[in-house]
2 protein chains.
Amino acid sequence: MKKHVLLYGTLGGAVIALLKAVEYRYLVVEHSVEIYGGLIAAVFATVGIWLGLRLTRAKETIVIREVLTPAHSAFVRDAGQVAALGVTPRELEILELIARGLSNREIGQTVFVSENTVKTHLSRLFEKLGAKRRTQAVQIGKERRLIP
Amino acid sequence: MKKHVLLYGTLGGAVIALLKAVEYRYLVVEHSVEIYGGLIAAVFATVGIWLGLRLTRAKETIVIREVLTPAHSAFVRDAGQVAALGVTPRELEILELIARGLSNREIGQTVFVSENTVKTHLSRLFEKLGAKRRTQAVQIGKERRLIP
DNA sequence: GCCAAAATCATCCGAAAGGATGATGTCGAA
DNA sequence: TTCGACATCATCCTTTCGGATGATTTTGGC
């Protein structure tokens with residue numbers, strides 16, 4: 001949370017500084033309140049939404065997903081297996097993305113972490129699943145009903 | 001999304017109107033830019049975060065639609081897809097082994113060909129399926145009913 | 001506030017995978 | 001017999017994976 005506070009502080013400061021600088025140089029000051037107000041509002045609304053999204057991002061992976069495959073019933077994650085293997089939510093999330101065929105880099109980009117982080121998650125996951133390769137991890141994951 | 005735009009518009013208008021009203025009555029106009037900027041920033045950041053939270057919360061309320069086809073029916077390879085993509089039997093065979101999590105070397109050993117051969121089969125397969133990685137090939141293969 | 005689990009990131013290094021290309025060999029159809 | 005599809009193998013080179021290790025930061029409970 002500290003990071004966020006800092007972020008806001010800095011951002012606010014920057015915006016205000018920018019406004020001051022601009023005010024005395026290029027823009028007419030008439031009706032500036034509306035203009036600047038709108039500007040600030042827009043910027044902070046954007047940042048706010050972004051932040052809000054980030055805050056809750058992947059809060060819980062317990063969401064049950066439905067599959068379009070017309071041959072199988074709804075997927076229900078086997079919580080027992082998850083607990084027995086000690087697989088964390090993040091690891092599950094990444095396993096799913098691997099099953100979708102993403103590379104480590106792509107996974108990092110979609111969940112907003114570095115490729116390195118993805119790799120460490122994977123290392124641990126492999127160990128927990130007893131897998132030597134990502135394809136094997138996917139196979140085991142499906143077998144144990146960790147992923148659809 | 002229209003609702004959000006409207007919401008923001010109205011809110012922005014309200015805030016600015018409020019500011020105007022206040023400006024001419026109670027507050028000193030000196031340094032008002034900073035004060036109002038901060039105010040607007042705070043308000044919109046809050047609203048933004050709140051909105052962001054709402055957005056993701058809604059996303060988590062995923063509905064579970066489901067098809068009621070009987071449990072596992074035997075797998076039937078989609079010959080049409082196979083023909084359409086021009087995938088050869090050997091390539092299919094290897095794709096299945098990949099889906100089981102085998103490495104190229106292991107596949108070569110189980111099918112009695114060299115690792116190099118496996119690789120060329122795979123290269124062609126990837127091209128036909130439009131896959132960049134083996135995991136992706138497996139995903140596509142399952143999707144198109146080339147493999148169970 | 002403190003602690004443990006989870007998540008984050010990095011670096012080094014070897015192994016595996018993937019791309020590009022060329023060369024045989026086999027077999028069935030034209 | 002010639003041609004084309006399929007299968008086989010190789011070499012060179014780049015990218016991606018995965019293992020090992022160490023470290024910091026968040027976070028949830030107590």
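The chains referred to below are lettered A, B, ... by the order of the sequence lines, with proteins before strands, and numbering in each begins at 1. What you see below is based on every heavy atom in this structure, not just the backbone, and it leaves out hydrogens, waters and symmetry mates.
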Worksheet entry | Expected output: side-chain A:Arg145 to main-chain A:Arg77 donor-acceptor under 3.5 Å | no
Item to complete: Give a yes/no answer on whether the side chain of B:Arg90 brings an N or O atom under 4.0 Å of OP1 or OP2 in D:dT8.
Response: yes
Worksheet entry | Side-chain N,O (A:Asn116) to OP1/OP2 (C:dA10) below 4.0 Å | yes
Fill in: Presence of B:Thr120 side-chain N/O under 4.0 Å of D:dA7 phosphate oxygens OP1/OP2
no
Discussion item. Less than 4.0 angstrom from a charged side-chain N to a carboxylate O is my criterion; do B:Glu115 and B:Lys119 meet it?
Written reply: no
Worksheet item: Any idea which of D:dG18, D:dA10, D:dA7 is nearest the A:Lys119 side chain?
Response: D:dG18
Item to complete: Would you classify A:Thr117 as touching base, sugar-phosphate or nothing, given that sugar-phosphate means primed atoms plus P, OP1 and OP2, and contacts are heavy atoms under 4.0 Å?
Response: base
Discussion item. I'd like to know if A:Arg133 pairs up with B:Glu106 as an ion pair, taking the criterion as any Lys NZ or Arg NE/NH1/NH2 lying under 4.0 Å from an Asp or Glu carboxylate oxygen.
Written reply: yes
Discussion item. Categorize A:Ser103 for me: base, sugar-phosphate, or nothing, with a 4.0 angstrom heavy-atom threshold over every strand shown.
Written reply: sugar-phosphate
Item to complete: Could you please spell out the steps behind the salt bridge (charged side-chain N to carboxylate O under 4.0 Å, His left out) verdict for B:Arg124 and B:Glu127?
Response: CA-CA 5 Å; B:Arg124 297 213 182 94; B:Glu127 198 177 354; over 6 Å; no
Worksheet entry | Protein-nucleotide distance (B:Lys128, atom NZ; D:dA7, atom C1'), rounded to Å | 11 Å
Discussion item. Any donor-acceptor pair, under 3.5 Å, between the side chain of A:Arg133 and the base of D:dT16, if you only look at N and O atoms?
Written reply: no
Discussion item. For B:Val111 and A:Arg105, find the nucleotide of DNA chain D closest to each by heavy atoms; which residue's nucleotide sits nearer the 5' end?
Written reply: B:Val111
Response to the item:
Comparing B:Glu115 with A:Ser123, nearest DNA chain D nucleotide closer to 5' gives the residue B:Glu115
Worksheet item: Which whole-number value in Å describes the distance from B:Arg124 CZ to D:dA5 P?
Response: 12 Å
Worksheet item: Can you check whether A:Asn104 has a side-chain N or O nearer than 4.0 Å to OP1 or OP2 of D:dC17?
Response: yes
